[in-house]
There are 2 protein chains.
Amino acid sequence: MFNEMALAHTILATLGDESYSGYDLWKKFSQSTKCYWQASQQQIYRELGKLEKQGAIASEVIPQEGRPDKKIYRITEQGIAILKDWLVEPSEPMAIREELLVKVIAAKLLPNSVILQEIKRRSQIHSQQVSAYKQILQEKFPDVDKLSYEQKCSYLTLRCGIRYESTWVDWCNEAIELLSEEEK
Amino acid sequence: MFNEMALAHTILATLGDESYSGYDLWKKFSQSTKCYWQASQQQIYRELGKLEKQGAIASEVIPQEGRPDKKIYRITEQGIAILKDWLVEPSEPMAIREELLVKVIAAKLLPNSVILQEIKRRSQIHSQQVSAYKQILQEKFPDVDKLSYEQKCSYLTLRCGIRYESTWVDWCNEAIELLSEEEK
DNA sequence: ATATTGTACTCAATTTGTTGAGTATGTCAA
DNA sequence: TTGACATACTCAACAAATTGAGTACAATAT
């Protein structure tokens, strides 16, 4: 029944900490959740609709003046039970599908400068993401020695994001150095 | 016309080096291609069918005795043109969807040992993958100073895979250390 | 005065990815 | 000799993700 609903689990886990509207969830997904789960606005809204139908979350409409009404979602007991059931099952590593590396494999078809330029562009993107995550880390967790269990968990996901993005920057530098030797 | 056909591009890039049957492509995808693109057997066969219909690849049936016939695919001029057109366009970083980190966020719902066990299991998986990639690296590229441009590109994708998997091992160790402090 | 951005969502079409079954044969080990 | 594993594919159904459009109003910038 609840096999393969990974986005649903991510939403449930997020609502387990705090209640959010669909729009606020999307904003959170665009900032900190991003380092472990990316989802579009449309995906989030659709999943919220499904989860509410299933009874895993419940909503409350907050009328607002000047702005559209908000629908605030909270997790239900049933939702928590679904999360718990899922937690004890093993998870496989995410499937990697990285276009840049496919381009590296096909790079020989065009002048060297084409792939080099793209790798440099990507290096910048990842550098910026490292900075963004580091800033969130400092704001949310200024004192690493005084974290609650819950905070430690949240902290660790950010640490994973920083490691991931930093590794990309490092690889880009290695690639630029190795491929710059060519004149092609 | 050719927007969003990332698996197709990966297959074209692979056939750009050498011709393969669907089955051999799948085996290659399960070994070295894995570090930048994962695809199932079914996906590969379906995509090969589409690409042949489009004229991007062409096939030749090799009759075999004792075994089923093979269909060997090669890239066509049209396929190379598609690859070249795609190469000059920018690529965005892959979307991250990592279940383990979602579980870390929800970890507080269950005893600490549950998530710790899962992180340890994952650490092993990534360690093994590091070893597997390192072995391929040594076999295919024993002398890093004497690589052709094409080999350098292939080498770099493996280097990326090693970096990626190693980063996971490092993060797992950090997480285990931080979360082991709790008795919960 | 007009354009852009932000808030807060919905709907539909298409592509992509997953799951499971089915066909057919050969080798190797318990 | 039975069962597992490897070769070499096809078909169908479903779930997930992407893309693009549309609704509606407010605040802010040019």
Side-chain angles (χ1 to χ4, degrees), chain A residues 1-11 19-31 34 37-54 57 59-73 91-99 102, chain B residues 1-11 19-31 33-34 37-54 57 59-73 86 91-99 102:
Chain A
M1 189 177 180
F2 293 117
N3 53 331
E4 282 322 308
M5 31 183 280
L7 173 56
H9 291 129
T10 311
I11 290 174
S19 294
Y20 289 94
S21 71
Y23 190 75
D24 289 336
L25 259 181
W26 170 66
K27 280 197 298 183
K28 189 175 166 60
F29 268 67
S30 308
Q31 284 161 44
K34 193 181 172 183
W37 207 278
Q38 273 150 262
S40 65
Q41 220 186 27
Q42 291 80 348
Q43 268 181 283
I44 292 166
Y45 281 121
R46 182 176 48 179
E47 211 61 38
L48 284 170
K50 276 193 209 170
L51 283 169
E52 191 171 23
K53 235 182 230 169
Q54 287 174 4
I57 58 175
S59 68
E60 189 193 350
V61 177
I62 310 286
Q64 293 190 121
E65 278 165 41
R67 286 181 185 178
D69 291 353
K70 263 190 180 187
K71 246 177 130 174
I72 303 288
Y73 293 94
S91 288
E92 293 316 300
M94 149 184 86
I96 295 160
R97 298 204 171 95
E98 184 52 73
E99 288 200 0
V102 180
Chain B
M1 190 176 180
F2 293 118
N3 53 329
E4 282 323 306
M5 30 183 279
L7 173 56
H9 290 130
T10 310
I11 290 174
S19 294
Y20 288 94
S21 71
Y23 190 74
D24 289 335
L25 258 181
W26 170 67
K27 280 198 298 182
K28 189 175 166 59
F29 267 68
S30 308
Q31 285 163 43
T33 305
K34 193 181 171 183
W37 207 277
Q38 274 150 262
S40 65
Q41 219 186 29
Q42 291 79 351
Q43 266 181 285
I44 291 166
Y45 281 121
R46 182 173 49 177
E47 210 62 37
L48 284 169
K50 275 193 208 170
L51 282 169
E52 190 170 25
K53 234 182 230 169
Q54 285 173 5
I57 59 175
S59 68
E60 189 193 350
V61 178
I62 310 286
Q64 294 189 119
E65 278 165 41
R67 286 182 185 179
D69 291 353
K70 261 191 183 188
K71 245 177 129 174
I72 303 288
Y73 292 93
W86 171 70
S91 287
E92 294 315 302
M94 149 183 86
I96 296 160
R97 299 204 170 93
E98 185 52 72
E99 288 198 1
V102 180

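In the text below, chain A, chain B and the rest are named by the order of the sequence lines, each starting its count at 1. If you're wondering where the values come from, they're calculated on a predicted model, not measured in any experiment.
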Query raised in the report: Are the side chains of B:Y73 and B:Y20 in touch, meaning some heavy atoms are under 4.5 Å apart?
Result: no

To the nearest angstrom, the CG-C1' distance between B:L51 and C:dT15 comes to 14 Å

### Query
Can you find a pair of side-chain heavy atoms, one from B:S59 and one from B:E52, that are under 4.5 Å apart?
yes

From CD of A:Q43 across to P of C:dT10 the rounded distance in Å is 15 Å

Sorted by position of nearest nucleotide on DNA chain D, 5' first, the leading residue of B:Y73 and B:A95 is B:Y73

From CG of B:L7 across to C1' of C:dT18 the rounded distance in Å is 13 Å

Carefully, step by step, assess B:M94 and A:I96 under the rule side-chain contact (heavy atoms from CB on, under 4.5 Å). CA-CA 8 Å; B:M94 149 183 86; A:I96 295 160; 4.1 Å; yes

Contact under 4.0 Å: A:R46 side-chain N or O vs C:dC11 OP1/OP2
no

Rounded to whole Å, NZ of A:K70 lies from P of C:dT7 at a distance of 9 Å

Subject >> Short side-chain N/O contact from B:S40 to OP1 or OP2 of C:dT19, under 4.0 Å >> reply: no

Atom CD of B:Q41 and atom C1' of D:dA8 are separated, to the nearest Å, by 8 Å

Any side-chain N or O of B:Y23 under 4.0 Å from OP1/OP2 of D:dT7? yes

Item to check | Check against ring-ring contact (aromatic ring centres under 6.0 Å, His included), B:W26 and B:F29 | outcome: CA-CA 5 Å; B:W26 170 67; B:F29 267 68; over 10 Å; no

Closest to the side chain of A:R97, out of D:dA17, D:dA8, C:dG17, is C:dG17

Rounded to whole Å, the CD-P distance (B:E52 to D:dC9) equals 12 Å

Picking from C:dG17, C:dA8, D:dA17, the nucleotide nearest the side-chain atoms of A:Y45 would be C:dA8

Notebook entry, point to check: Should B:K27 be listed as having a side-chain N or O under 4.0 Å from OP1 or OP2 of D:dT7?
Noted result: yes

From CG of A:D24 across to P of C:dC9 the rounded distance in Å is 8 Å

Separation between CD (B:Q38) and CD (A:E98), nearest 0.5 Å, reads 12.0 Å

Here the distance between atom C1' of C:dT7 and atom NZ of A:K71, to the nearest Å, is 16 Å

Side-chain contact check for B:Q42: nearest option of C:dC9, D:dT7, C:dG20 is C:dG20

